[in-house]
Protein chains: 2
Amino acid sequence: MKPVRILIVDDHYIVVEGIRSLLQRVSAVEILGSASDAESCMRFLDRRIPDLILLDISLPHTSGIDLCKAIHEKYPRIRILGLSTFKEQSFVRNMLDNGASGYVLKNAGIDELMIAIQTAMKGGKYLSDEVAAALTDQQIDPAAPVITRREKEVLNLIAEGYTNNEIAGRLFVSVTTVDSHRKNLLTKFGAGNTAALVKLAVKMQII
Amino acid sequence: MKPVRILIVDDHYIVVEGIRSLLQRVSAVEILGSASDAESCMRFLDRRIPDLILLDISLPHTSGIDLCKAIHEKYPRIRILGLSTFKEQSFVRNMLDNGASGYVLKNAGIDELMIAIQTAMKGGKYLSDEVAAALTDQQIDPAAPVITRREKEVLNLIAEGYTNNEIAGRLFVSVTTVDSHRKNLLTKFGAGNTAALVKLAVKMQII
DNA sequence: GGGGCAATCCTGTAAAAAGGGGATTTTTGG
DNA sequence: CCAAAAATCCCCTTTTTACAGGATTGCCCC
């Protein structure tokens, strides 16, 4: 069987070296090379097509999620495995929605990595246990609520310290509209007042 | 010259492998071993004392910052280099305050890592360029104001969503007192209202 | 083409916070 | 011991939010 040809995309030199070192010992895979950002990744793909890409989520300039999407659209046959320190539900979901074949945490060992690669190559999806757990957990306590674009705008302005009146002026809408959005935000976040709302939003990294 | 004996503490297997692979080629260092959390690190130190520890910030259970403190108190002669993806000012500051000899980002190359190690061993402090930049940036805008213990208590309760009235009840003081603290907080943070206050406080990691 | 959702607007009351004044007692540090 | 800082308390006015109801438009998707 031909080895799986792999491209590593990660801006952390140490991580790239780690993966290289781990996979070098395995004959079933062949490392074609590595890239440290979206641009160099796309340039690489202009020349050579790997079977699978190990893709870090947090890249400079373009995020791994956007890059995942771009790769998947241009080269639908390349399998993509998300790779990250974080098991944030939203990251994982976004990666999978954008065509990734799985998501592996950086504390994975060689065994897990190989299983993920093989699963992906067979057309399956692989998620680290913890990731899968985080994903299902999420439905139990509904972490970050879904808010609309407009609500997010209002939320940002609230957190900046603008009053309903000022926000209404900025967004060219009536004060009552802003108040409605605010009320919805309080409900969605389960916050009793603005202070609690802002705290939750900042902690959840929405702001 | 005797090689620098190093312990790697990181819960990311891949990162550990990366560092190993990088440093194996260098004769000036010797990797004693690795640990994946605070507990196993301390157990390791019961048996063997390295010259230097490469310490990841984000560890399970106990944070790298706490571990740094613990190591530094028990083994003041061991040099500690912080290692992380993040260049958050507060992390860096905390590490340095707790006895670390430097802070290296995970996108560092072997050259940078070796310079950091050598600088640390000579008693100096090494910071990645980006980290140093983030640190000095911070001093330009007057970061976190000095607040009193009581003000912090009040601030926390405000952020939890309690009203002045409720806070007064909890702290067994009058509402006017709480209001005074609140007013002082607004002034100290330069915030126009509670929302802005809470946002700043959370972002500055005070909450 | 109808259901759902987002975004918009409305009325009204009660509660809370912001703003601007002080004043008094503890702590705490030099 | 004394001064400065912190913590406590008070009054008053205006502005802003919170809470409780609705109602209307437009848009997207099935």
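First the proteins, then the strands, lettered A, B, ... as listed; each starts at 1.
- Interatomic distance, CG of A/Leu185 versus OG1 of A/Thr194, reported as 9.5 Å (0.5 Å rounding).
- Protein atom CD of A/Glu153 is 15 Å distant from nucleotide atom P of C/dA6, rounded to whole Å.
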A/Val173/A/Arg150 under side-chain contact (heavy atoms from CB on, under 4.5 Å): CA gap, chis, key distance, verdict: CA-CA 11 Å; A/Val173 295; A/Arg150 200 56 159 174; 3.5 Å; yes
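- Residue A/Glu160 holds its CD atom at 10.5 Å from CG of A/Leu155, rounded to the nearest 0.5 Å.
- With sequence neighbours excluded, the residues satisfying salt bridge (Lys or Arg N to Asp or Glu O under 4.0 Å) with A/Glu39 are A/Arg43.
- Within residues 165-176 of chain B, the residues having any heavy atom under 4.0 Å from DNA chain D are, by residue number, B/Val173, B/Ser174, B/Thr176.
- One atom, CZ of A/Arg182, and another, P of C/dA16, lie 16 Å apart when rounded to the nearest Å.
- Within the 4.5 Å cutoff, no side-chain heavy atoms of B/Asp10 are placed close to those of B/Ser34.
- Across all strands, A/Thr177 comes closer than 4.0 Å to base atoms (heavy-atom distances).
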Carefully, step by step, assess B/Ile71 and B/Val9 under the rule side-chain contact (heavy atoms from CB on, under 4.5 Å). CA-CA 12 Å; B/Ile71 296 170; B/Val9 182; 5.8 Å; no
Atom pairs, protein N/O to nucleotides 24-29 of chain D N/O, distance under 3.5 Å:
none

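- For the atom pair A/Asp51 CG and A/Arg5 CZ, the distance stands at 4.5 Å (nearest 0.5 Å).
- Side-chain contact check for A/Ser40 and A/Asp37: at least one donor-acceptor pair (N or O, by modelled atom type) lies under 3.5 Å.
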Under 4.0 Å protein heavy-atom contacts per nucleotide of nucleotides 23-30 of chain C, with B for base, S for backbone only and - for none: --------
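- To the nearest angstrom, P of C/dA17 lies 16 Å from CG of B/Asn184.
- For the residue pair B/Asp179/B/Thr176, the side-chain donor-acceptor check at 3.5 Å is not satisfied.
- B/Asp46 has its side chain out of reach of B/Met42: every pair of non-hydrogen atoms, C-beta onward, lies at least 4.5 Å apart.
- Contact check on B/Arg182 versus B/Glu151 returns no salt bridge, with no Lys/Arg side-chain nitrogen under 4.0 Å from an Asp/Glu carboxylate oxygen.
- Here the C1' atom of nucleotide C/dC10 and the CG atom of A/Asn164 are 15 Å apart, to the nearest Å.
- B/Ile49 is listed as a side-chain neighbour of B/Ile78, based on a closest heavy-atom distance under 4.5 Å.
- By the 4.0 Å N-to-carboxylate-O rule, B/Glu153 lies too far from B/Arg170 to be salt-bridged with it.
- Because its NZ or CZ atom is not both nearer than 6.0 Å to the ring centre of B/Phe44 and within 45° of the ring axis, B/Arg48 does not count as a cation-pi partner of that residue.
- When the P atom of D/dC19 is taken as reference, atom CG of A/Leu197 falls 12 Å away, rounded to whole Å.
- Rounded to whole angstrom, the span from the CD1 atom of B/Ile147 across to the C1' atom of D/dA6 amounts to 13 Å.
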Using the side-chain contact (heavy atoms from CB on, under 4.5 Å) rule, take B/Ile53 and B/Ile6 through it: C-alpha gap first, then chi angles, then the decisive distance, then the call. CA-CA 6 Å; B/Ile53 297 178; B/Ile6 291 179; over 6 Å; no
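- Between the axis at the start and the axis at the end of the helix from C/dG1-D/dC30 to C/dG30-D/dC1 there is an angle of 70°, using five pairs per end and rounding to 10 degrees.
- One interatomic measurement links the two molecules: NE2 of B/His181 to P of D/dA5, which rounds to 17 Å at whole-angstrom precision.
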Taking it one step at a time, do A/Ile158 and B/Lys199 satisfy side-chain contact (heavy atoms from CB on, under 4.5 Å)? CA-CA 10 Å; A/Ile158 288 173; B/Lys199 190 189 106 170; over 6 Å; no
Could you go over nucleotides 19-21 of chain C and give all protein N or O partners under 3.5 Å, atom names and distances?
unit_1: C/dG20; atom_1: N7; unit_2: B/Lys183; atom_2: NZ; d: 3.3
unit_1: C/dG20; atom_1: O6; unit_2: B/Lys183; atom_2: NZ; d: 2.9

